[in-house]
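Right, one structure below, let's go through it.
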There are 2 protein chains.
Amino acid sequence: MAVTIYDVARHAGVSPRTVSNVVNEYAFVSATTRERVKRSIDTLGYLPNLTARNLRRGRTGMVALVLPEPLHIPYFSELSAFVLDEVAKRSYTAVIEQTDGEPERERALLSANDRGRLFDGFIFSPLGLNSKEIASLAVKAPVVLLGERVSSGPFDHVAIDNVSAAKCAVGHLVALGRRRIAAIGHQPYETGETARLRTQGYRETLEAAGLAYDKRLVVSTPLFHRDNGAEAMARLLALAKPPDAVFCYNDLLAVGALRTLLRAGVRVPEDVAVVGFDDIEEGRYLTPALTTISPDKQAIASLAVKQLFKRLDGDAGRPVDFEVPFRLAVRESTQGGSEACEGPPPRPKAGRP
Amino acid sequence: MAVTIYDVARHAGVSPRTVSNVVNEYAFVSATTRERVKRSIDTLGYLPNLTARNLRRGRTGMVALVLPEPLHIPYFSELSAFVLDEVAKRSYTAVIEQTDGEPERERALLSANDRGRLFDGFIFSPLGLNSKEIASLAVKAPVVLLGERVSSGPFDHVAIDNVSAAKCAVGHLVALGRRRIAAIGHQPYETGETARLRTQGYRETLEAAGLAYDKRLVVSTPLFHRDNGAEAMARLLALAKPPDAVFCYNDLLAVGALRTLLRAGVRVPEDVAVVGFDDIEEGRYLTPALTTISPDKQAIASLAVKQLFKRLDGDAGRPVDFEVPFRLAVRESTQGGSEACEGPPPRPKAGRP
DNA sequence: CTGTTAGCGCATTCAT
DNA sequence: ATGAATGCGCTAACAG
């Protein structure tokens with residue numbers, strides 16, 4: 001079997017306690033003893049058994065990143081890459097769980113049922129469960145929510161200001177002189193508030209610009225994938241008076257919309273300008289390259305992980321909302337000047353009562 | 001604290017041993033006892049502590065998927081989604097480790113150093129380490145290699161037939177009447193054999209077609225990313241006699257190449273036809289949509305996971321090589337007819353001596 | 001500053 | 001078919 005802490009103790013002529021102290025960098029160990037123990041550790045090739053340590057400490061050493069979509073959705077794979085790195089920095093193990101937005105899976109993972117006990121904490125991007133259900137979840141471990149805000153319940157929350165971001169995107173189109181600006185990605189039901197907030201920003205911007213709100217220009221989509229965007233765009237092109245610009249609620253929708261436009265021989269941005277949301281890498285290599293709202297994904301990941309570990313370390317303060325910075329990345333699909341709008345620097349927006 | 005096996009035992013009036021038997025579906029438990037215990041488990045809401053179980057069983061309950069690139073690289077995120085699902089099916093936990101192709105990280109993960117002891121097994125897609133180094137790794141746990149073949153060492157291996165696939169891609173271009181077919185993605189050094197095999201297929205196909213091999217048409221790239229493809233294509237366009245077709249060693253290179261072509265006003269496929277490799281979703285929504293070699297990623301994932309669990313269950317047979325099927329997905333970037341070539345069905349290619 | 005010892009929760013060997 | 005008892009490897013409460 002593997003070499004244990006007792007083997008090291010015997011080899012170094014000390015007690016297991018002391019070995020443990022050295023391994024865990026306990027301060028009060030004499031320099032000489034520490035050296036001797038370290039040498040024994042090296043000689044024997046000792047490695048702590050993390051399972052035993054975790055059992056003893058009452059932790060599992062794992063946090064889950066709970067995603068509403070499969071990992072091949074670019075926004076989530078880009079975000080995940082950051083989260084994995086942030087967690088690894090802290091010598092913890094991150095596990096990615098794909099719920100596909102199924103309420104059952106989300107519930108099972110978070111509630112102390114199923115594998116709930118497997119994780120010390122969660123970074124949770126919800127989709128299937130609505131705010132009320134999330135708030136009423138019987139979670140034992142700390143949870144940091146991504147995106148969807150939940151107004152009650154003991155949950156920290158990290159997100160972009162969706163209304164401002166949408167205003168920024170649509171404002172850009174207005175500034176370019178577009179008059180019939182469509183929106184793709186609205187969600188009418190209680191599927192969560194993100195889409196609603198973006199529609200709100202869209203609408204407020206039109207009104208502020210004195211443009212009529214035409215609900216035929218607002219297309220709902222069941223999901224935020226490429227095919228939904230393609231289909232929605234086709235519907236818009238079929239209109240008697242098609243739009244001269246489109247604001248897509250994410251880049252994948254924009255990719256689909258762009259494909260429909262190009263296949264139809266519509267020039268982008270001359271005939272129709274396109275703006276996306278998320279700034280996935282794919283958008284930068286489209287032709288034309290996609291103008292998009294670029295949220296600071298690295299900041300999302302690091303804020304979420306940082307806050308989660310604060311909780312794991314025992315911080316019991318009230319739930320915190322973090323607002324993450326964004327900027328408008330102006331590229332060829334709008335070919336606008338270089339005006340831009342930015343979000344705030346990353347800091348807690350407010351402690352919620 | 002949480003409810004333990006002892007609590008259940010007391011509640012059901014049996015010994016912990018019996019509860020354990022019921023939980024683990026041990027055959028020889030009387031129906032009545034089993035029922036009683038199950039009822040107690042439900043009443044108390046008992047959940048086995050996996051950490052304790054793993055400590056006792058000498059396992060960690062985790063396997064690692066070791067990736068050479070960050071998760072935002074589409075091929076790997078698509079593959080990972082499948083692997084996570086396959087592992088979850090078996091009530092195991094999969095952990096994604098990103099090495100960024102750094103030999104040190106690869107070595108540390110696999111050798112029983114570092115976190116090596118954390119995992120019961122590995123699915124390893126190598127990049128930084130060459131065959132020799134991999135073969136000489138002091139791994140204790142079972143390893144299934146993805147992609148790169150290692151001719152010795154106790155490693156199972158899952159991969160596509162790279163030579164055939166490249167022949168299929170280039171053959172398609174030849175059949176379309178292209179005469180100056182370039183290749184993007186060669187790797188001259190000992191970076192692994194994948195690129196070399198694709199170049200071999202490329203070269204053999206040209207020769208079989210009576211086309212001259214012109215090494216100015218073969219561009220090496222340090223990585224397989226979009227920018228590498230864009231840059232390589234620019235170099236090809238600068239040639240006195242530019243190519244009329246390009247075979248890119250992966251789709252990301254093709255994405256970059258395509259962008260360069262379109263920005264330069266070159267028509268695709270009329271002036272230059274483009275073929276990629278991997279069939280990532282992104283390619284299907286490009287305009288023109290990308291013709292590409294489509295490996296069966298689901299098969300790669302399920303074969304790899306299945307084989308890994310065979311090893312975890314004690315199978316000590318000799319290393320197995322699995323060959324995964326592929327097909328040519330003909331789309332707009334070559335606009336060829338619908339001729340295609342397919343790889344074999346998924347089955348062990350051969351047991352290696 | 002360091003040794004002794006008792007569990008963490010479970011699976012399992014030895015009994016019966 | 002089931003009980004009693006042991007120990008997986010580690011940390012920490014309790015000495016000293």
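Order of the sequence lines fixes the chain letters, A, B, ..., with proteins taken first and strands second; residue numbering starts at 1 for each chain.
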Going by the rule side-chain contact (heavy atoms from CB on, under 4.5 Å), which residues pair with [X] if we only count those two or more places apart in sequence or in a different chain?
X: S80(A); answer: L65(A), L67(A), L71(A), I96(A), L71(B)
X: E104(B); answer: R107(B)
X: T51(B); answer: T51(A), N54(A), L55(A), T60(A), N49(B)
X: K132(B); answer: N130(B)

Please identify each residue that fulfils salt bridge (charged side-chain N to carboxylate O under 4.0 Å, His left out) with R311(B), with sequence neighbours left out.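 Per chain and number, R311(B) pairs via salt bridge (charged side-chain N to carboxylate O under 4.0 Å, His left out) with D156(B), D315(B).
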Residues in salt bridge (charged side-chain N to carboxylate O under 4.0 Å, His left out) contact with D7(B), at least two apart in sequence or another chain: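 R10(B).
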Any idea which of dT2(D), dC10(C), dC10(D) is nearest the R53(A) side chain?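 Looking only at heavy atoms from C-beta outward on R53(A), the closest nucleotide is dC10(D).
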Counting side-chain heavy atoms from CB outward, which of dC10(D), dT2(C), dC1(C) is closest to T18(A)?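 Looking only at side-chain atoms, T18(A) lies closest to dT2(C).
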Give every donor-acceptor pair under 3.5 Å between a side-chain atom in residues 298-305 of chain A and any protein atom, sequence neighbours left out.
| residue | atom | partner | partner atom | Å |
| --- | --- | --- | --- | --- |
| Q298(A) | NE2 | E86(A) | OE2 | 3.1 |
| S302(A) | OG | Q298(A) | O | 3.2 |
| S302(A) | OG | A299(A) | O | 3.4 |

Considering only heavy atoms from C-beta outward, does the side chain of F309(B) approach that of Y92(B) to under 4.5 Å?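 In short, these two side chains touch, coming nearer than 4.5 Å.
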Report all interatomic pairs (protein N or O, nucleotide N or O of nucleotides 12-16 of chain D) with separations under 3.5 Å.
| residue | atom | partner | partner atom | Å |
| --- | --- | --- | --- | --- |
| dA13(D) | N6 | R17(A) | NH1 | 2.7 |
| dC14(D) | N4 | R17(A) | NH1 | 3.3 |

Output the rounded distance in Å from [atom1] ([X]) to [atom2] ([N]).
X: L44(B); N: dG9(C); atom1: CG; atom2: P; result: 15 Å
X: L50(A); N: dG9(D); atom1: CG; atom2: P; result: 13 Å
X: R10(A); N: dG9(D); atom1: CZ; atom2: P; result: 12 Å
X: I5(A); N: dT5(C); atom1: CD1; atom2: P; result: 16 Å
X: N54(B); N: dC10(C); atom1: CG; atom2: P; result: 12 Å
X: F28(B); N: dG3(D); atom1: CZ; atom2: P; result: 17 Å
X: Y26(B); N: dT2(D); atom1: OH; atom2: C1'; result: 10 Å

T51(A) side chain near dG9(D) phosphate (N/O to OP1/OP2, under 4.0 Å):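 Indeed not, no polar side-chain atom of T51(A) lies that close.
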Any side-chain N or O of Y6(A) under 4.0 Å from OP1/OP2 of dG7(D)?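 Negative; the distance criterion is not met.
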Using the C1' atoms of the five pairs at each end, what is the angle between the end axes of the helix from dC1(C)-dG16(D) to dT16(C)-dA1(D), to 10°?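 Taking the rotation axis at each end, their angle is 30°.
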Polar side-chain atom of Q98(B) near backbone of A81(A) as donor-acceptor pair, under 3.5 Å: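 Yes, because the side chain of Q98(B) sits within donor-acceptor range (under 3.5 Å) of the backbone of A81(A).
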Just call it for V23(B): base, sugar-phosphate, or nothing, with non-hydrogen atoms closer than 4.0 Å on any strand.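 If one applies the 4.0 Å heavy-atom cut-off, V23(B) turns out to touch nothing in the nucleic acid.
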Looking across every strand, which nucleic acid part, if any, lies under 4.0 Å from T33(A) by heavy atom: base, sugar-phosphate, or nothing?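 Sugar-phosphate: the residue T33(A), judged by heavy atoms under 4.0 Å, touches backbone atoms but no base.
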Between L55(B) and S15(B), just flag the one whose closest nucleotide in DNA chain D comes earlier from the 5' side.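 It is S15(B), whose closest nucleotide lies nearer the 5' terminus.
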